[in-house]
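Note sheet for the following structure.
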Amino acid sequence: MILVLDFGSQYTHLITRKLRELGANAQIFPSNLNPSQIPPQTKGIILSGGPSSVYDHSSPSFNKKLLNLNTPILGICYGHQLIAHLSGAEVKPGKVREYGKKEIKIKKSKLLEGLNPSETVWYSHSDDVTSLPKGFKVTALSGQTIAGFENGHLFGVQFHPEVNHTQNGQKVLKNFIKISSSQNTWNKKDQIQTLINEIKDEVKDENVLIGVSGGVDSLVASALLNKAIQNNLYCVFIDTGLMRKGEASEVAQIYKELNFKHFLSFDASANFFKALKNITDPEQKRKIIGHLFIKTFEKISKLLKKDKKIKFLAQGTIYPDRIESASSSVNAQKIKSHHNLTLPDKLNLKILEPLKDFYKDEVRSLGKKLGLSKSFLERHPFPGPGLGIRILGEITKDRLNILKEADAIYIEQLKKQNLYNSIWQAFAALIPVKTVGVMGDNRTYEYIITLRAVTSDNGMTADWAKIPNLALEKISSRIVNEVRGVNRVVYDITQKPPSTIEYE
Ligand code: XMP
């Protein structure tokens, strides 16, 4: 296993994912890990990049005894500067942070084997390593500054091999995997059987409850559990009334097709609707929806727990959910607060998280192997509060119906025109402001529908999708013609930041 120590880089997860893609087990740990906490199966350590300078008083703590371990260690960007600094090299503080592509000169080295004498790499740094102590060998140069070094088991690169802009970055990571003998430690072939065996071993004959939403994570988690303990699994789906058009019945259908023995659907929409009456403040809406969801789930679970003697609560938690909220991310600058709800501790059930070590793309590929259809696995993300945060202002039945219809047309058209899969997230939102229009000979006074479509890697930053004009025209004309109550459609062309993806 390769440990990736997190110094707060936005790329820490990317390093880990890339290593796994190349067949090496990689796990993220906090930067201040002690040598005594190192898992016995560790074969290599990577020190990530990060926003700090080695000269900052507040720079992340690191136990320098780690550098004396007899384990290959690779520093990337901040990690490169840190190894150099702690080894007595000269690191010059930069005045500005430099981003972007650079040409660097490569020398002969174990880590950079197979690279060209001149390589295009991605930089994102401020400090520079300008000279090295005795014993260190320069392996790459950018002008006068040291872009790479090596000294026995210590390696450093100033650039980011994990990002695609570094043309031969994969080769660098592959070489490190080889240097640390970590090949084939992340075995994708037997994963499903291993996970099923682990679930069986842990659960034995007990009953398990899982809340499902129709989203990818809970679907794959429940499909996996279904393979392992079919008769002992109870899936609970709560229809808040704030789902997309037809979604509640689609979810029920897929669970039926997949032969789930106990799929229980609860229509709680009337309660949600009542609780949201007259509420216009976005934060208040989120809170009401979140709390009511938990309360409803708790109530159902308590009844089931008594009746079916449930012992476990399974959740579709995936690796980034777990790591984002763990101490390893204390070094990262907070960009987005956590939206997801955690289900109640009060239930006193043992937690089971079969997907806790996987990234989204890995979860999708597990889902594929479990026979789940592409249309479910490749769905766009959908927020917990659902359409509740896509109707600005008060949620009325009328507005909800208008939005559901408009959104369904939008998504249907994107799929028809083969645009859906190249977009990270697309949806319609309703602006409860009426504007004047004309239909036939009549003057109309109706709502505005705004269309949002973004490209993104993880939702932290996003660009608006450049949907072709003709496709937009078709979507707009279908919405105003087919949805009563709308006479104007607008397309949102703002990036995140400064906007967010959702409207509330
Ligand atoms: P924003 O609007 O913050 O959204 O740019 C980023 C991503 O998070 C999703 N999102 C949520 N997901 N509960 C969720 O489960 C929420 O309250 C929530 N708010 C936003 C949003 O859909 C986008 O994918």
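Indexing begins at 1, ligand by ligand and atom by atom, following the structure's order. What you see below is based on every heavy atom in this structure, not just the backbone, and it leaves out hydrogens, waters and symmetry mates.
Ligand 1 has no nitrogen or oxygen under 3.5 angstrom from a nitrogen or oxygen of P381. Polar contact check, G459 against ligand 1: no nitrogen or oxygen pair lies under 3.5 Å apart. The shortest N or O to N or O distance between K496 and ligand 1 is under 3.5 Å.
Per-residue contacts place P383 under 4.0 angstrom from the following atoms of ligand 1 (heavy atoms of the residue considered): 10 (N), 11 (C), 12 (N), 14 (C), 15 (O), 18 (C), 22 (O). Within ligand 1, counting atoms from 1 as listed, the ones closer than 4.0 Å to a heavy atom of P385 are 13 (N), 16 (C), 17 (O). Less than 4.0 angstrom separates some heavy atom of T500 from each of these atoms of ligand 1: 1 (P), 2 (O), 5 (O). Each of the atoms 16 (C), 17 (O), 18 (C), 19 (N) of ligand 1 lies under 4.0 Å from some heavy atom of R286. Residue contact check: W424 has heavy atoms under 4.0 Å from atoms 24 (O) of ligand 1.
No more than 12 heavy atoms of other residues, nucleotides or ligands sit less than 6.0 Å from atom NZ of K256.
In this structure, N487 CG and Y447 OH are separated by 11.5 Å, a value rounded to the nearest 0.5 Å. For the atom pair CD (E504) and CG (D281), the distance works out to 8.5 Å, reported to the nearest 0.5 Å. Separating the CD1 atom in I238 from the CZ atom in F266 is a distance of 8.0 Å, to the nearest 0.5 Å.
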- Query: Would K415 and E412 satisfy salt bridge (charged side-chain N to carboxylate O under 4.0 Å, His left out), going step by step from the backbone distance to the final call?
  - Reply: CA-CA 5 Å; K415 285 185 178 163; E412 186 189 314; over 6 Å; no
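Geometric assessment of K356 against the ring of Y319 yields a negative cation-pi assignment under the 6.0 Å and 45° thresholds.
In this structure, Y503 has no heavy atom closer than 4.0 Å to ligand 1.
Between Y255 and F263, the angle of the ring planes stays under 30°, which puts this pair in the parallel group of the 30/60° scheme.
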